[in-house]
Amino acid sequence: MVVREIAIYQKEGDKHIESFEIDLSVEKLINILDVDTDKDPNVYMVYAINKAQLLQLQKLIPNLKEINFENVELFYESFQTK
C-alpha cells in the first residue's frame, strides 16, 4: 500500500512539524503538482509545494487552512507500507 501525505516542516532548521495523510487520485496529484509522468508516472517522488499548488490543495484538504504558512515549507511525500 502507498501512503501519500503532505508534510509540514519549519523553514529554519527543517524540523518536521506535522503531516496529513491525503486521499487524492494520482491524476489529481499529477495536475496539481505538475508531475512529469515520464519520470514519475505513479507520483512517488517528493515534491515541494508552491503557493499556487497550496491554494489548490487547500480546497481539497481542509486541515491545511488551519496552518500558519509564514514560517513553514510544505512537501508532498509518499512511502510504501507492508
Side-chain angles (χ1 to χ4, degrees):
M1 179 177 151
V2 175
V3 175
R4 302 174 190 282
E5 63 184 22
I6 301 297
I8 303 169
Y9 292 88
Q10 184 177 335
K11 279 187 181 176
E12 298 297 321
D14 284 340
K15 178 183 175 190
H16 181 260
I17 297 172
E18 191 169 1
S19 294
F20 296 98
E21 190 171 328
I22 59 173
D23 186 24
L24 299 177
S25 70
V26 169
E27 292 79 18
K28 271 201 190 307
L29 291 168
I30 288 169
N31 289 331
I32 292 171
L33 300 173
D34 195 28
V35 173
D36 180 345
T37 55
D38 289 334
K39 293 181 181 177
D40 190 16
N42 295 311
V43 194
Y44 291 145
M45 295 171 64
V46 173
Y47 293 90
I49 297 172
N50 65 33
K51 186 68 173 178
Q53 293 165 331
L54 172 60
L55 293 173
Q56 292 179 57
L57 288 168
Q58 283 178 329
K59 294 175 187 175
L60 303 170
I61 306 166
N63 292 348
L64 292 178
K65 293 179 182 176
E66 300 171 8
I67 304 297
N68 177 359
F69 295 102
E70 294 299 316
N71 298 314
V72 298
E73 295 178 322
L74 296 169
F75 294 91
Y76 162 81
E77 301 175 347
S78 67
F79 52 92
Q80 188 83 27
T81 62
K82 293 182 180 183

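These figures come from a predicted structure and were not determined experimentally.
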Could you tell me the separation between the CZ atom of Arg4 and the CD1 atom of Ile22, rounded to the nearest 0.5 Å?
-> 8.0 Å
First locate atom CD1 of Ile8, then atom OG of Ser19, and finally report the distance between them rounded to the nearest 0.5 Å.
-> 7.5 Å
Consider only side-chain heavy atoms of I, L, V, M, F, W and Y, link residues closer than 4.5 Å, and tell whether [X] and [Y] are in one cluster.
X	Y	answer
Val3	Val26	no
Met45	Val43	yes
Leu64	Ile17	yes

Name the atoms and distances for all side-chain donor-acceptor pairs under 3.5 Å in residues 50-57, with sequence neighbours left out.
unit_1	atom_1	unit_2	atom_2	d
Asn50	OD1	Ala52	N	3.1
Asn50	OD1	Gln53	N	2.8
Gln53	OE1	Asn50	N	2.9
Gln53	NE2	Ile32	O	3.2
Gln53	NE2	Leu33	O	3.4

Mind listing the closest non-hydrogen atom pair of [X] and [Y] along with its distance?
X	Y	result
Val2	Gln80	CG2-OE1, 3.5 Å
Glu73	Lys11	CG-CG, 3.4 Å
Glu21	Glu5	CA-CB, 3.9 Å

Give every residue pair that meets the ring pair (Phe, Tyr, Trp, His ring centres under 6.0 Å) criterion with at least one member in residues 3-52, sequence neighbours excluded.
-> Tyr9-His16, Tyr9-Phe75
Would you mind reporting whether Leu29 and Val35 have side-chain heavy atoms less than 4.5 Å apart?
-> no
Which residue pairs satisfy the side-chain hydrogen bond (donor to acceptor under 3.5 Å, both in side chains) criterion with at least one member in residues 24-36, sequence neighbours excluded?
-> none
